[in-house]
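Start at 1 with the first residue, then count along the sequence.
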Amino acid sequence: MTNKEKYTSVFCDTFGITTEQTAGLEYMGIPNWDSVGHMGLIAALEDTFDIMMDTDDIIDLSSFEKGMEILQEKYDVEF
């Protein structure tokens with residue numbers, strides 16, 4: 001499984017959505033991605049990629065695409 005597939009899978013599993021629904025997905029764009037859902041997402045991403053995200057990055061992760069950008073630039077996760 002590629003890192004992109006793992007990343008997408010985390011979103012799908014956390015929010016109960018399909019792969020197609022991840023494109024363009026933004027924080028608060030669906031009912032499950034509220035503040036509680038966001039923390040579940042962060043925990044799942046940290047577990048999946050064996051990282052510990054900084055508070056600023058957790059706050060900045062505001063969309064599906066922005067999350068990939070943060071993980072690639074700050075945590076050396078290649079997509």
Side-chain angles (χ1 to χ4, degrees):
M1 186 179 278
T2 67
N3 282 340
K4 174 90 184 272
E5 290 168 334
K6 290 178 188 176
Y7 180 78
T8 302
S9 180
V10 167
F11 270 79
C12 292
D13 294 345
T14 301
F15 299 131
I17 59 174
T18 65
T19 301
E20 293 77 25
Q21 291 174 294
T22 60
L25 184 64
E26 295 185 349
Y27 177 66
M28 301 297 284
I30 57 172
N32 289 345
W33 197 355
D34 57 8
S35 59
V36 174
H38 190 71
M39 295 316 296
L41 173 66
I42 297 303
L45 289 171
E46 289 179 335
D47 287 345
T48 299
F49 295 106
D50 195 28
I51 58 173
M52 182 63 70
M53 295 180 70
D54 294 332
T55 303
D56 288 343
D57 296 330
I58 292 170
I59 294 167
D60 287 344
L61 201 160
S62 58
S63 72
F64 179 77
E65 289 78 10
K66 181 67 175 179
M68 282 192 292
E69 179 184 313
I70 291 169
L71 292 182
Q72 190 160 347
E73 290 178 4
K74 303 248 181 117
Y75 302 96
D76 298 320
V77 176
E78 291 298 321
F79 292 102

Please determine whether residues F11 and M39 belong to a single hydrophobic cluster, defined as Ile, Leu, Val, Met, Phe, Trp and Tyr linked transitively by side-chain heavy-atom distances below 4.5 Å.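 Shared cluster, yes.
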Between E65 and G24, is there a donor-acceptor pair closer than 3.5 Å when you use the side chain of the first and the backbone of the second? yes
What is the distance from atom CG of L25 to atom OG of S62, rounded to the nearest 0.5 Å? 10.5 Å
Would you compute the distance between atom OG1 of T14 and atom CD1 of I42 and round it to the nearest 0.5 angstrom? 9.5 Å
A43: what forms a side-chain contact (heavy atoms from CB on, under 4.5 Å) with it, not counting sequence neighbours? none
Does T8 have any side-chain contact (heavy atoms from CB on, under 4.5 Å) partners at least two apart in sequence or in another chain, and if so, which?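 Result, side-chain contact (heavy atoms from CB on, under 4.5 Å) vs T8: K4, C12, T19, T22, F64.
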Between H38 and L61, what is the shortest heavy-atom contact and its length? CE1-O, 3.0 Å
Sequence neighbours excluded, every pair satisfying salt bridge (charged side-chain N to carboxylate O under 4.0 Å, His left out) that has a member inside residues 13-37: none
Please output the side-chain donor-acceptor pairs of residues 51-58 that fall under 3.5 Å, not counting sequence neighbours, one pair per line with the distance.
from: D57; atom 1: OD1; to: K74; atom 2: NZ; distance (Å): 2.9
from: D57; atom 1: OD2; to: Y75; atom 2: OH; distance (Å): 2.5

Kindly list each side-chain donor-acceptor pair under 3.5 angstrom involving residues 66-73, sequence neighbours excluded, with atom names and distances?
from: K66; atom 1: NZ; to: E69; atom 2: OE2; distance (Å): 3.1

pair [X]-[Y]: side-chain heavy atoms closer than 4.5 Å:
{"X": "P31", "Y": "F15", "answer": "no"}
{"X": "N32", "Y": "I17", "answer": "no"}
{"X": "T2", "Y": "F79", "answer": "no"}

